[in-house]
Amino acid sequence: MASAAEQEAVSEHALERAAPPVWPGAPTPLGARCRVGPGGVTGTNFALWAGGAEAVELCLFAADGTETRLRLTELTHEIWHGFVPGVGPGQRYGYRVHGRWDPWTGARWNPAKLLLDPYARAVDGDFAALPPEAYGHVRDWPQQHVADTVRDERDSAPHVPKGVVVHDDDDWSDDRRPKTPWPDSVIYELHVKGFTKLHPGIPEHLRGTYAGLAHPAAIDHLVRLGVTAVELLPVHQFAHEDHLLRRGLRNYWGYNSIGYFAPHAGYSSSGTTGQQVGEFKRMVRALHAAGIEVILDVVYNHTAEAGEFGPTLSLKGIDNRGYYRLQSDARRYADYTGCGNTLHVVQPQVLRLITDSLRYWVTEMGVDGFRFDLAAALARSFHDVDMLSPFLAVIAQDPVLRRVKLIAEPWDVGNGGYQVGAFPPLWTEWNDRYRDAVRDFWRGALPDVRDLGYRLSGSSDLYAWGGRRPYASVNFVTAHDGFTLRDLVTYERKHNEANGEGNRDGTHDNRSWNCGVEGETDDPAVNVLRLRQQRNLLTTLLLSTGVPMLVAGDEMGRTQGGNNNAYCQDNELGWLDWSLPDDPGRAGLFALARRLLSLRHRHPVLRRRAFFSGRPQGADGLRDLAWFTAEGTEMTERDWYAPTATLGLYLSGRDIPGRDARGEQITDDSFLAVLHAGHRPLDFRLPGPPWAESYELLVDTARDDQSTAPATRHPGGETLVVGARSVVLLRVRE
């Protein structure tokens, strides 16, 4: 009887005899690309950067899981490459990379682990389980503190998803990008699955998918509301963290990327062997046809491979030292993200991976921009955040990327990582100082209104430098991370017990007010107040200068039951409840949001392209921006420092900076907004001439019925009764 070694040799010989030939191919482009090879033979070119590797095997998988290993022998500038005749779209594949195993110096090569191609354009399979075989080290080693240094020799191929060869033959000639200017943009942050999963107007087999979001029922809601762009929570292929899987949960938000070119397969209704790519493209086309741009929330700061005790799925096994930032001892990872690892963006191959991915999503997948998760981590040179870093420099000069919408989450968890207001021109930023000031004002926690004044008028203190404009500020009151709008006025404490982490996860700093009762209540007075507070926050956001961002469902009173970190709630808690508009109060919230967005669309004074000067303008000497007390007088320096619950904001439309497409001066109506956070009604004296002869009341959040505008007239100098905790918006009439 033959020995095990002899049997293995016979098996390998049979494998080689059955394997297709591997021609030299080309080192570019990276990834798997279908093409016509020498002699007109069709096939696929495979190219993988694997600096420091000793050998690379391309692994092809048949439908029954049979694996064929092909040695790539061509090496050009650290790129292993080969052309395989006859291999075409739908072929599943991966890599095994050979090299030293020496974690103490950062070397973690392990050919027993099948690795996902970083450039794979589709992924077949789900990271729904991470068994021990998916780890490069022995997880159950007796000395756990050094378990990551002991190599695991078990084959991971049966347990991990595979890349899929995809044929790109789409020229987008029938697509028309909306190209909405930044000042005119209104962003709507949504989750592909969560937005569509319970929508009654979407066929059940399409719910939770890209096709579901492309369905007319989904798009109709966006169009009726009046948003100009959807910002999709991560749709790059992502994996589920082991600690969630052990608790019977899954990563829902998707901030755990493992494939930067592949649409997440779990959101496909049509298949996972390349069909997800076409489905995603059709979704983008449908949104574009409705005038809606597509912005992707992207996670290039870390990957799903976590730290030294995490799985080996792709980059860790290709060249751990080349892709990740390591600490001085090289065994451990530098972690500026709170997720176990940080991509080493200073390295040319990492920078190339990211920029190639970005260009791919723009040019071949049709997207219109990106929101960069923990963008400060990408801007770090070696340790400190550097606004002249290679990443920012490359983006600034790239002919494709510099023309799309670029949004930074301007912080990370490392020292010096908070960089709000510091990103260079071309970039807009999530402005958390806006969020905090508006929340504090409406819960009665602002000592004065100085900061609020800056936030309402475009945050010139943060962005009026280097040619930046008010639209550098993405204003938001809520985001996916934190309380929903309804929960913000219903809970003062987070309630994250369902996450299984003892309510330790999620921020404690919610700046919320529960209106006197923690959680849901049957008290009608409390519920009336909560609806009014939601209207106040929504109105403030949509009247502020800058780019507003709404979170899906906030316009309908969506709740997460007080969970402010629903990242693992892939269930009804995290999904949007489409029955909410059946409630008159929730329907009124949607009607108000729709009216405010329509108003914003019609009036350029609410979408300014330049900062206010605060100086007299034109022959009548009126300021373009003026602030008023309840007595109807302009605020003095002392008023800004005094405690107050009321602020009047006058926006002049008589002389707006900039010109229209024909070079003519832009003029508009003028408006007066009164924000009153006091708990009693207020007598507010409306400024008379020269500010206004009279006013037309357009919005009053104290009214329960928001289906129509009040449309009442009030002469200048009249005392207007402003309801407790409410906003009124008036249009100047001559």
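Note that the structure is a prediction, hence the values are computed from the model and not measured.
Residues meeting the side-chain contact (heavy atoms from CB on, under 4.5 Å) test with Ala472, sequence neighbours left out: Tyr463, Arg468. In this structure His81 satisfies the ring-ring contact (aromatic ring centres under 6.0 Å, His included) test with no other residue, sequence neighbours excluded. Among residues two or more places apart in sequence or in another chain, the ring-ring contact (aromatic ring centres under 6.0 Å, His included) test is passed with Phe238 by His240, His264.
Residues Asp335 and His302 bring no donor and acceptor atom of their side chains to less than 3.5 Å of each other. Between Asn256 and Asn251, the side chains place no donor N or O within less than 3.5 Å of an acceptor N or O (distance only, hydrogens not considered). Side-chain atoms of Tyr418 and Asp432 include a donor-acceptor pair closer than 3.5 Å. A side-chain donor from one of Tyr300 and Ser357 sits under 3.5 Å from a side-chain acceptor of the other.
Counting only residues at least two apart or on different chains, the ring pair (Phe, Tyr, Trp, His ring centres under 6.0 Å) pairs with a member in residues 389-409 are Phe372-Phe391. Every pair passing ring pair (Phe, Tyr, Trp, His ring centres under 6.0 Å) that includes a residue from residues 324-347 is listed here, sequence neighbours excluded: Tyr324-Tyr333.
In this pair, Tyr323 and Trp49 present their aromatic rings perpendicular. The plane angle is above 60°, beyond the 30 to 60° band. The aromatic rings of His288 and Trp172 sit tilted relative to each other, their planes meeting at an angle between 30° and 60°.
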Quick one: side chains of residues 110-119, donor-acceptor pairs under 3.5 Å with protein atoms, not counting sequence neighbours, listed by atom name and distance.
from, atom 1, to, atom 2, distance (Å)
Asn110, OD1, Ala112, N, 3.0
Asn110, ND2, Gly136, O, 3.1
Asn110, ND2, Asp152, O, 2.8
Lys113, NZ, Glu133, O, 2.8
Lys113, NZ, Tyr135, O, 3.1
Lys113, NZ, Asp152, OD1, 3.2
Lys113, NZ, Arg154, O, 2.7
Asp117, OD1, Tyr119, N, 3.0
Asp117, OD2, Tyr93, OH, 2.7
Tyr119, OH, Asp356, OD2, 2.9

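Screening Thr149, Thr105, Asp102, Asp148 against Arg331 for a side chain to side chain donor-acceptor pair (under 3.5 Å) leaves a single residue, Asp148.
Under a 3.5 Å cut-off, the side chain of Glu189 and the backbone N or O of Met549 do not form any donor-acceptor pair.
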